[in-house]
Amino acid sequence: MKLFVSLIIMILTFSSCQQAPKNGAEFIWKPYSKQAVEDSIAHHKPIVIDFFAEWCPNCHELDRVVFSLPEVQAKLAQVTALRMDVTDQQDPDVQKIADEYGIEGVPTVVFLDSKGKEIDNSRVLGFVTPEEFSQSLALLKISK
């Protein structure tokens, strides 16, 4: 009986990882740099920073389920959309940037206004649905 229950749990776990089909093309993020943030602020453009790691299943799930949606991509195209790769957590540069933004895990998506200030209650932690992500994105007050 234990084997049967373990098998069912394993099947449910792996099948849940494959439920959502890919919606569209992969979104192309610009690599994070301090200069990109400064340039965006100089041009009064909001910023979205996706903290991502290659080893993070939920990061890949966000790519597949949320960031591939045309309506999400259209909104991200109106901001400076940066991806900070934190795969190598031992890298001092990665640690410095993660500390600067208070990143405690991935995925984390940070939303900055056009002055570079983080928007209150907008941060996305872990996997979220497209609707939940869109609520945070809406706080940037960008047009359709």
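In the hydrophobic cluster analysis, where Ile, Leu, Val, Met, Phe, Trp and Tyr join through side-chain heavy atoms closer than 4.5 angstrom, I97 is grouped apart from W29. Residues I119 and V48 share a single hydrophobic cluster, defined by chaining ILVMFWY side chains whose heavy atoms lie under 4.5 Å apart. Follow the hydrophobic side-chain contacts under 4.5 Å out from L125 and you never reach L137; the two are in separate clusters. L140 and L82 fall into different hydrophobic clusters, where Ile, Leu, Val, Met, Phe, Trp and Tyr side chains are chained together by heavy-atom contacts under 4.5 Å. By the criterion of side-chain heavy atoms lying less than 4.5 angstrom apart, applied directly or through intervening Ile, Leu, Val, Met, Phe, Trp or Tyr residues, L112 is not grouped with V109; the two fall into different hydrophobic clusters.
Separating the SG atom in C56 from the CZ atom in F127 is a distance of 11.0 Å, to the nearest 0.5 Å. The distance from the OG1 atom of T108 to the CE atom of M84 is 12.5 Å, given to the nearest 0.5 Å. Atoms OG and NZ, on S114 and K141 in that order, are 11.0 Å from each other to the nearest 0.5 Å. Between D91 atom CG and D85 atom CG the span is 10.0 Å, to the nearest 0.5 Å. One distance of note links CG of D120 with CG of D113; it measures 9.5 Å at 0.5 Å rounding. With values rounded to the nearest 0.5 angstrom, I47 atom CD1 is found 4.0 Å from S40 atom OG.
Counting heavy atoms from C-beta on, the side chains of D50 and F67 come closer than 4.5 Å. Put simply, the side chain of R83 does not reach to within 4.5 Å of the side chain of F27, judged on heavy atoms. Looking at L62 and V128, their side chains come closer than 4.5 Å, going by heavy atoms from C-beta outward. Between V110 and I103 there is a side-chain heavy-atom pair separated by less than 4.5 Å. When side chains are defined from C-beta on, V124 does not count as touching P107, because their heavy atoms never get closer than 4.5 Å.
Between the side chain of Q95 and the backbone N or O of Q89 there is at least one donor-acceptor pair closer than 3.5 Å.
In terms of heavy atoms, I41 sits closest to G116 at CD1-CA, 3.6 Å. Scanning all heavy atoms of the two residues, the minimum distance from Q73 to E26 falls at NE2-C, 3.9 Å. C59 approaches F51 most closely through the heavy-atom pair SG-O, 4.4 Å. When all heavy atoms are compared, the tightest approach of A53 to T87 is CA-OG1, 3.4 Å.
Applying the 6.0 Å contact sphere to CD of E100 captures more than 12 heavy atoms from other residues, nucleotides or ligands. Atom CG of N121 has 12 or fewer heavy atoms from other residues, nucleotides or ligands within 6.0 Å.
Judged by distance alone, the side chains of Q35 and D39 do bring a donor and an acceptor atom under 3.5 Å apart.
Under the 30°/60° scheme for interplanar angles, the aromatic rings of Y101 and Y32 are found to stand perpendicular. Aromatic ring orientation, H60 versus F52: perpendicular (interplanar angle above 60°, classes split at 30° and 60°).
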